[in-house]
Asker: 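What follows is a structure written as structure tokens; I'll ask about it next.
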Amino acid sequence: DVQLQASGGGLVQAGGRLRLSCGASGFTSDSFAVGWFRQAPGKEREGVAAASGRSDMAYYADAVKGRFAIGWDDAKKTVFLQMNHLVPEDTGIYYCAADECHGSTWYGVPCARDYWGQGTQVTVSS
């Protein structure tokens, strides 16, 4: 079974930085991608960033391009999301997620093999 274990998050002032981590294991194919979705109060869940476990593919939402960086560490079986220049609009619950469809989930294409971890709160104060 695929296991996702998220950590990180917290409270930070605007302009600050945070780092999220998600340990991911149990994939049965090389088509997996791991990353994050977020949901702000009163808003729909949206994809934030994802990284392929076996290629250079990386997805970033337009709202975070240039500020966030995602990377997969295969030795640690962990994906890291470095969030810089945070703004209050980045506030929300961040969910670690994965799929075995080359990250199609982040592009809005459903994947029969998608997986979700627990959420972690990120709060950016103005």
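Just so you know, these numbers come straight off a predicted model, no measurement behind them. Keep in mind that the numbers below use all heavy atoms, side chains included, and drop hydrogens, waters and symmetry copies.
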Asker: Checking side-chain polar atoms at under 3.5 Å, does Tyr94 have a donor or acceptor matched by the opposite partner on Gln39?
Answerer: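 No.
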Asker: Once rounded to the nearest 0.5 Å, what's the spacing between atom CZ of Arg54 and atom CG of Asp74?
Answerer: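 CG of Asp74 is found 4.5 Å from CZ of Arg54.
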Asker: Same cluster or not: Val48 versus Tyr115, using hydrophobic residues (I, L, V, M, F, W, Y) connected whenever any side-chain heavy atoms lie under 4.5 Å apart?
Answerer: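 Looking at the clustering, Tyr115 is in the same group as Val48.
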Asker: Can you confirm if the aromatic rings of Tyr107 and Tyr59 lie within a centre distance of less than 6.0 Å?
Answerer: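 Judged by ring-centre distance (under 6.0 Å), Tyr59 and Tyr107 do meet the cut-off.
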Asker: Quick one, Gln82 with Phe68, criterion side chain to side chain contact (heavy atoms under 4.5 Å, CB included). Give me CA distance, side-chain angles, the key distance, then yes/no.
Answerer: CA-CA 6 Å; Gln82 180 65 45; Phe68 290 12; over 6 Å; no
Asker: Could you walk me through whether Thr123 and Val12 pass the side chain to side chain contact (heavy atoms under 4.5 Å, CB included) test, one step at a time?
Answerer: CA-CA 6 Å; Thr123 303; Val12 67; over 6 Å; no
Asker: Does Ser104 use its side chain to pair, donor to acceptor, with the backbone of Val109 at less than 3.5 Å?
Answerer: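 Yes; at least one donor-acceptor contact below 3.5 Å.
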Asker: If you define the side chain from C-beta out and look only at heavy atoms, does anything of Ser29 sit under 4.5 Å from Arg113?
Answerer: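 Result yes, sub-4.5 Å side-chain heavy-atom pair found.
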Asker: With the side chain counted from C-beta on, respond yes when Val79 and Asp73 share a heavy-atom pair under 4.5 Å apart, and no when they do not.
Answerer: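 With C-beta onward as the side chain, the pair stays apart.
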Asker: Is there a donor-acceptor pair under 3.5 Å between the side chain of Trp106 and the backbone N or O of Trp36?
Answerer: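 Yes, because the side chain of Trp106 sits within donor-acceptor range (under 3.5 Å) of the backbone of Trp36.
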Asker: Please give me the minimum heavy-atom distance between Ile93 and Gly119, naming the atom from each residue.
Answerer: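 It is CG2-CA, 3.7 Å.
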Asker: Can the ring centres of Trp116 and Phe37 be said to be less than 6.0 Å apart?
Answerer: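 For Trp116 and Phe37, the ring centres are under 6.0 Å apart.
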Asker: Would one find more than 12 heavy atoms of other residues, nucleotides or ligands at under 6.0 Å from atom CD of Gln13?
Answerer: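 No - once you tally the heavy atoms of other residues, nucleotides and ligands closer than 6.0 Å, there are 12 at most.
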Asker: Verify the cluster assignment for Val122 and Leu81: are they in a single hydrophobic cluster under the rule of side-chain heavy atoms below 4.5 Å apart?
Answerer: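 Same cluster: Val122 reaches Leu81 through Ile, Leu, Val, Met, Phe, Trp or Tyr contacts under 4.5 Å.
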Asker: Determine whether Val34 and Cys96 make a side-chain contact, defined as any pair of heavy atoms from C-beta on separated by less than 4.5 Å.
Answerer: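 With C-beta onward as the side chain, the pair touches.
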Asker: Closest approach of Asp99 and Cys111, non-hydrogen atoms and distance?
Answerer: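 That would be CB-SG, 3.9 Å.
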Asker: Does any part of the side chain of Arg38, heavy atoms only, come nearer than 4.5 Å to the side chain of Glu46, both counted from C-beta?
Answerer: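 Yes. Closest side-chain heavy atoms under 4.5 Å.
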Asker: What are the two closest heavy atoms between Leu4 and Cys22, and how far apart are they?
Answerer: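 Nearest heavy atoms, Leu4 then Cys22: CB-SG, 4.0 Å.
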Asker: Looking at every non-hydrogen atom in both residues, tell me the closest pair between Ala14 and Ser126 and how far apart they are.
Answerer: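 That would be CB-CA, 4.3 Å.
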Asker: Do Gln3 and Asp1 have side-chain N/O donor and acceptor atoms under 3.5 Å apart?
Answerer: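 Result is no, nothing qualifies.
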Asker: Side chains of Glu100 and Asp30: does their closest heavy-atom pair fall under 4.5 Å?
Answerer: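 Side chain of Glu100 against side chain of Asp30, heavy atoms only: no contact under 4.5 Å found.
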Asker: Could you tell me if Glu89 and Thr91 have a donor-acceptor pair between their side chains, going purely by distance under 3.5 Å?
Answerer: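 Result is no, nothing qualifies.
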Asker: Apply side chain to side chain contact (heavy atoms under 4.5 Å, CB included) to the pair Leu11 and Gln121, showing each step before the final yes or no.
Answerer: CA-CA 8 Å; Leu11 172 64; Gln121 179 70 44; over 6 Å; no
Asker: Atom OG of Ser31 and atom CE of Met57: how far apart are they, to the nearest 0.5 Å?
Answerer: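 These two atoms lie 10.5 Å from each other.
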Asker: On a heavy-atom basis, which atom in Ile70 and which in Tyr60 lie closest, and how many Å separate them?
Answerer: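 Nearest pair, atom of Ile70 first, then Tyr60: N-OH, 2.8 Å.
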Asker: Is the closest side-chain heavy-atom distance between Asp90 and Met83 below 4.5 Å?
Answerer: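 Asp90 vs Met83: side chains apart.
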Asker: Inspect the surroundings of CZ in Arg17 and state if more than 12 heavy atoms from other residues, nucleotides or ligands are less than 6.0 Å away.
Answerer: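 Counting other residues, nucleotides and ligands, CZ of Arg17 stays at 12 neighbours or fewer.
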Asker: Kindly give the heavy-atom pair with the smallest separation between Gly8 and Leu20, and that separation in Å.
Answerer: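 Of all heavy-atom pairs spanning Gly8 and Leu20, the closest is C-CD2, 3.6 Å.
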Asker: I want to know whether Phe80 and Trp72 have ring centres closer than 6.0 Å.
Answerer: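 No, they do not, as the ring centres are separated by 6.0 Å or more.
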